Each structure stands twice: as structure tokens, then as C-alpha cells.
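Report on the following structure.
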Amino acid sequence: MEKYATYTLEDFMLDDAFRKWVNAGGVLRGSVWEQVVHLYPEKIELIDEAALLLRQLKNQPTAISDEQVVRDIRAIMHRVEGKETVVRPMWRRWTGYAAAAVLLAGLGTYLLTGQTGRVGEEISYFNDSQDLKYVNSGRDQKEVTLPDGSMVRLLPGSEVIYRSQPAGRDVQLAGEAFFQVKRDTLRPFSVFSGGLTTRVLGTSFTIKPEGKDVSVTVATGKVSVSKAGEESSPLVLTPNQRAVYHNADKKIVKTLAEAPVVVNREQLQTRLVFDEEPAGNIFRALQKAYNIPISFDEAALRNCQVTLPFREEPFFQKLDVLCRTIGAKYTVAGDGVRIESNGCE
Amino acid sequence: MNPNDTDIWKAFRNGDEAAFEQLLVRYYRAMFDYGLRFQPDEEQLRDDLHDLMITLWERRAHLNETSNLKFYLFKALRNQILKGKRSQRLFVDHEGVAEAELHSPESPLPDFAEVEATQRQTAQIQQVIAKLSRRQQEILHLKFFEELSNEQIAELLQISRAATANLLYTALRSFKDIWRRKALLAISILLCS
């Protein structure tokens with residue numbers, strides 16, 4: 001204890017036990033530091049200051065935005081997965097072409113087909129307006145970057161036409177595509193496809209034709225969907241929700257994504273391994289991680305304790321394992337999941 | 001070590017692209033925030049990170065096991081950047097940089113009325129940190145943000161443990177001195193207004 005009599009601010013901050021105590025919440029009552037303060041009352045201010053500084057140093061904000069992290073990771077993965085030789089420069093060249101083409105279009109020139117060599121087989125031309133048209137006539141998925149910075153991953157045989165206007169960004173889609181939209185709150189991003197209008201500010205989602213119908217599945221952010229021409233009263237979708245537009249009766253139905261993705265990664269990352277955990281807590285963690293409402297009878301599950309290591313298995317597989325462990329059943333109901341259980345012994 | 005890190009690293013070395021992406025999702029941000037301590041040019045840092053990760057991927061078959069993946073990546077990043085700087089003849093002695101930075105003009109304090117108390121403190125701490133030398137910033141980041149042990153820091157900076165403890169102490173003292181001066185200034189502004 002005597003050593004604390006001469007402790008400086010630096011000493012406290014570099015003391016492992018002290019840092020551990022601050023990280024754990026820093027409650028003075030009952031801690032060894034309460035005894036230190038009792039013996040050396042003049043140290044209380046130093047202890048407060050050291051705890052404050054440690055917390056502040058630990059909470060320094062990150063210097064890189066989520067969007068930038070995602071973009072950088074995608075660039076790296078693109079390079080790695082690219083079957084083509086050196087994908088990144090091609091991608092860059094692309095943006096160059098787009099810009100050049102817009103310029104050409106403005107001058108009244110309007111065809112730019114087959115001039116881009118290998119690139120030309122995926123992406124083709126610009127029509128006589130300011131519209132940009134992207135066609136994927138290849139056999140693999142193709143990613144294109146729109147002039148506003150948004151990314152579109154086009155499935156084979158799909159095409160988009162992009163029109164940038166002062167009031168917003170409009171896209172006509174034929175086929176299936178995943179969109180990662182650059183946030184621009186002043187200019188909403190709208191996708192028109194098969195009688196369905198999808199409108200967002202900045203987010204990611206997939207649009208897919210399903211027979212005569214069209215579906216929209218949200219990966220991140222919020223998305224508004226509506227029937228074409230009825231954009232004023234949209235249906236709002238959040239991550240892992242899916243809207244299907246039934247062409248036969250012209251109705252939009254909200255349901256659950258076919259392959260839900262983890263929306264809230266921290267929720268599962270810190271809680272990957274559940275040890276003797278009440279099943280209710282695990283359902284709640286899944287609910288948060290996937291943004292999917294899960295209803296269950298808290299009282300019935302009271303005695304269900306589960307030890308489970310979750311990894312990267314798909315949502316429904318996790319659900320299946322968990323339900324089988326506690327002898328329960330799950331059903332998809334609307335945009336959520338319902339658990340039926342008779343409880344555990 | 002995070003139990004999953006072992007699996008990720010093993011799968012990465014076996015050429016699993018999904019594991020590579022996982023690794024990036026997990027550590028790209030931490031590497032960026034750390035790298036910024038000695039590569040303040042963000043665009044250059046992003047290029048460095050891009051090149052480093054591609055190199056690691058291409059050399060995956062020759063990489064060793066590691067008991068601490070984040071630490072391993074930090075070390076690789078540090079080598080990559082310093083190697084680049086040296087070859088560009090841009091490598092400047094850290095303490096030399098410090099002198100110049102100590103005299104850099106101070107950005108104005110945020111408006112007291114408008115900013116929440118904690119945000120204000122965070123901003124103040126950032127200003128204090130910005131006044132330290134790159135090397136001091138780096139060691140404080142490693143110790144108090146990443147919570148590395150002195151042994152790990154010594155290995156990363158390639159200095160002895162005694163030198164690490166010494167550097168850490170003096171960095172913290174400089175930090176304290178600037179912080180207290182600033183706090184004093186803030187109090188006197190409050191009293192005068």
C-alpha cells in the first residue's frame with residue numbers, strides 16, 4: 001500500500017490492476033482503490049483524472065468511415081477473386097469511360113459500343129440522352145460503379161439504365177441485381193422494375209424477378225417499396241425483410257429474407273459461444289443480430305439452458321440447431337419467426 | 001486469442017477467400033487506425049494496406065502460424081510502411097518530426113455551449129494527442145487503445161523492454177503536461193467569460 005503514497009498520474013495509468021479496474025467500470029466501493037483513497041485522501045483527484053483519461057484514450061473515435069472500410073475491403077477482395085487479370089485498374093478505367101461518355105453524350109454523340117475491348121463485352125453503350133446503360137452479357141456476376149459512387153452487382157443477363165437528375169437518381173432494372181447505394185439524402189435513389197418502385201437514400205438491397213413477380217430484400221439500411229405510380233404511400237423495409245410484388249393481384253407482401261444476413265455484427269461476435277445460457281437470451285441475441293422478430297413464450301423456456309458455439313452458419317441453420325437442442329419448433333410468420341416449445345425439464 | 005482467429009488464419013493460409021474477407025472485416029479498421037499513427041497520409045495508408053493484404057494473400061503458403069493475429073497484422077503493416085518510407089527516402093527521425101509538430105498551430109476549441117461535455121473531452125484529447133510526436137502517439141495508441149502488453153510493444157517497435165517502459169512513461173508525461181495546460185486554459189476561459 002505504501003507505494004501508492006507517491007503514485008503519480010502516470011503511475012496510476014500504467015498500473016495494470018488500475019486499468020483493469022477502470023475497464024471493469026471503476027466502481028470505488030469495495031475496490032482496492034477505495035482503501036488507497038482511505039489511506040491517502042489526496043489521491044482521489046489523481047484517481048479520477050487517471051480513470052477519465054484512460055476511458056478517453058480507449059474511446060478515441062475511429063478515423064475511417066464504415067463506407068470506406070467496406071469499399072476498401074471490396075477493392076481488395078475484388079482483386080483477389082477477380083478471374084480477370086488485374087481487376088482494380090479495369091474498374092478505375094471504367095469510371096473514366098463513364099465520365100468520358102457522359103461528356104460525349106452531351107456533345108450529341110451517342111454510341112460507344114465495342115470500343116472498350118474486353119470490357120465492352122460486359123458493359124456497352126449510352127443512348128441518346130444522358131442515360132447510362134449497363135448490360136451484363138457475360139456468364140459471371142459483374143460489379144459496376146455508377147457515377148454517383150453507388151455499386152450495382154448485375155447478374156448475368158441483367159441490365160440497368162441510370163439517369164442522374166437534380167431531384168434524384170433513377171434506375172431502370174431488367175433482371176436481378178444487388179445494389180449498394182451511396183448515401184445522398186438530397187437525391188433519393190429509385191429503382192423501377194417490373195411495376196415495383198424501390199426508393200432509398202443510402203443502403204444495400206437485392207431486387208430479383210420471381211416468375212411473374214418481383215422481390216426486394218434489404219441487406220442494410222431502410223428501403224421504401226411501392227407500386228409504380230403510387231410512390232407516395234410506400235411500404236418501409238428494414239434489413240432482412242423482403243417484399244414480394246405479386247403481379248397477379250398487384251399486391252405487395254412483406255415477408256422474411258430467404259437467407260438472412262447478420263445485421264448487427266457486435267451482437268454475435270461478442271457472444272459467439274453460449275455457455276449454459278437460457279434459450280430466451282439466445283433468441284434475443286439472434287433477434288438483435290439479424291433484426292428479425294422472434295416470438296416465444298418466456299415462461300415455457302425458463303428451464304431451457306443451452307451450451308452452443310455459433311459460427312458463421314446461416315440464420316435458419318442456427319435456428320434449427322437451437323430448436324432441436326431444446327425440443328422446440330419454429331415457423332416463419334410474416335416477417336418474423338415464432339417458436340413453439342413445451343419447455344425443458 | 002479469439003478462438004475464431006486461429007481458424008480464420010488457418011483457412012486464410014489454405015487459400016480460403018471467405019476467411020480472407022472475414023479477416024479484413026475483423027481487422028481492417030484496427031490496422032487503419034493504427035497505421036495512421038505513422039502514416040498520416042490516409043490515401044497512401046489505404047494503398048499500403050491494399051498492397052500489404054494482396055502480398056500476404058499471394059504469400060499465404062509461406063506464412064507462419066501465429067498466436068495473436070491482430071499483433072501479427074500490426075507488425076506486417078509496420079514493416080510494410082516503414083520499408084516503403086525508407087525506399088522513398090522519406091524516413092524522418094521520429095523525434096525530429098516531434099519538434100516541428102509541437103509548434104504546429106492549434107485548432108480552435110469547439111464551442112462549449114454547443115458540444116456535449118464528453119464529446120468536448122474527446123475532442124480535447126485528440127488535440128492533445130496530435131501535439132505528441134508520431135512515436136509517442138503510436139506507443140500510447142498501442143498501450144491504451146489496443147491494450148497491448150509492454151512485451152508486445154517492445155517486439156513491435158523492435159526496442160528493448162526497458163526502452164519501451166521508458167518511452168511509454170515519457171510519452172505519457174508529455175501527454176499529461178499538454179493536457180493539464182489545456183485544462184487550465186479552459187478553466188481560465190470559463191472564469192473570464
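Worth saying up front: this structure is predicted, and the values here are computed from it rather than measured. Chain naming here is simple, since letters A, B, ... match the order of the sequence lines and numbering starts at 1 in each.
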Task: Engaged part of A/Leu9 at the chain B interface, taking heavy atoms whose separation is under 4.5 Å - done: side chain
Open item on the list: Checking A/Ile76 against B/Trp57 for the side chain to side chain contact (heavy atoms under 4.5 Å, CB included) test, could you report, in this order, the C-alpha distance in whole Å, the side-chain angles of both residues, the deciding distance, and whether it holds?
Closed with: CA-CA 10 Å; A/Ile76 294 170; B/Trp57 178 253; over 6 Å; no
- [ ] Pick whichever of B/Glu58, B/Glu42, B/Lys143, B/Gln126 has the most heavy-atom pairs under 4.5 Å with chain A.
- [x] B/Gln126
Open item on the list: I'd like to know if the side chain of B/Arg29 and the backbone of A/Ile64 have a donor-acceptor N/O pair within less than 3.5 Å.
Closed with: yes
TODO: Drop me the distance from B/Leu24's CG to A/Met77's CE, to the nearest 0.5 angstrom.
DONE: 6.5 Å
Open item on the list: Given heavy-atom pairs under 4.5 angstrom as the criterion, report whether the side chain, backbone, both or neither of B/Ile129 touches chain A.
Closed with: side chain
Open item on the list: Between A/Thr8 and B/Tyr169, is the side chain to side chain contact (heavy atoms under 4.5 Å, CB included) condition met? List the steps.
Closed with: CA-CA 11 Å; A/Thr8 62; B/Tyr169 207 89; 3.2 Å; yes
Task: Contacting region of B/Tyr28 [heavy-atom separation from chain A under 4.5 Å] - done: side chain
- [ ] Decide whether a cation-pi geometry holds between A/Lys58 and B/Phe144; the criteria are a distance under 6.0 Å from NZ or CZ to the six-membered ring centre and an angle within 45° of the ring axis.
- [x] no
Task: Donor on one side chain, acceptor on other, A/Asn23 and B/Glu147, under 3.5 Å - done: yes
Task: Option in B/Arg46, B/Met53, B/Lys176 with maximal non-hydrogen atom pairs under 4.5 Å from chain A - done: B/Arg46
TODO: Might you confirm whether atom CD of B/Glu151 has over 12 heavy atoms from other residues, nucleotides or ligands at distances under 6.0 Å?
DONE: yes
Task: Structural part of B/Leu172 lying under 4.5 Å from a heavy atom of chain A - done: both
Open item on the list: Counting only non-hydrogen atoms closer than 4.5 Å, does A/Arg19 touch chain B with its backbone (N, CA, C, O), its side chain (CB onward), both, or neither?
Closed with: side chain
Task: Least distance between heavy atoms, B/Leu36 atom then A/Ala63 atom - done: CD2-CB, 3.2 Å
Open item on the list: To the nearest 0.5 Å, what is the distance between CZ on B/Arg173 and CD on A/Glu10?
Closed with: 5.5 Å
- [ ] Give, for atom CG of B/Leu168 and atom CG of A/Leu14, the distance between the pair rounded to the nearest 0.5 Å.
- [x] 5.0 Å
Open item on the list: Looking at A/Glu42, I'd like to know if its CD atom is crowded, meaning that more than 12 non-hydrogen atoms belonging to other residues, nucleotides or ligands lie closer than 6.0 Å.
Closed with: yes
TODO: Apply the test side chain to side chain contact (heavy atoms under 4.5 Å, CB included) to residues B/Trp179 and A/Glu49: give CA-CA distance (whole Å), side-chain angles for both, the deciding distance (0.1 Å), then the verdict.
DONE: CA-CA 11 Å; B/Trp179 157 256; A/Glu49 193 180 7; 3.0 Å; yes
Open item on the list: Keeping A/Asp72 on the side-chain end and B/His50 on the backbone end, is there a donor-acceptor pair under 3.5 Å?
Closed with: no
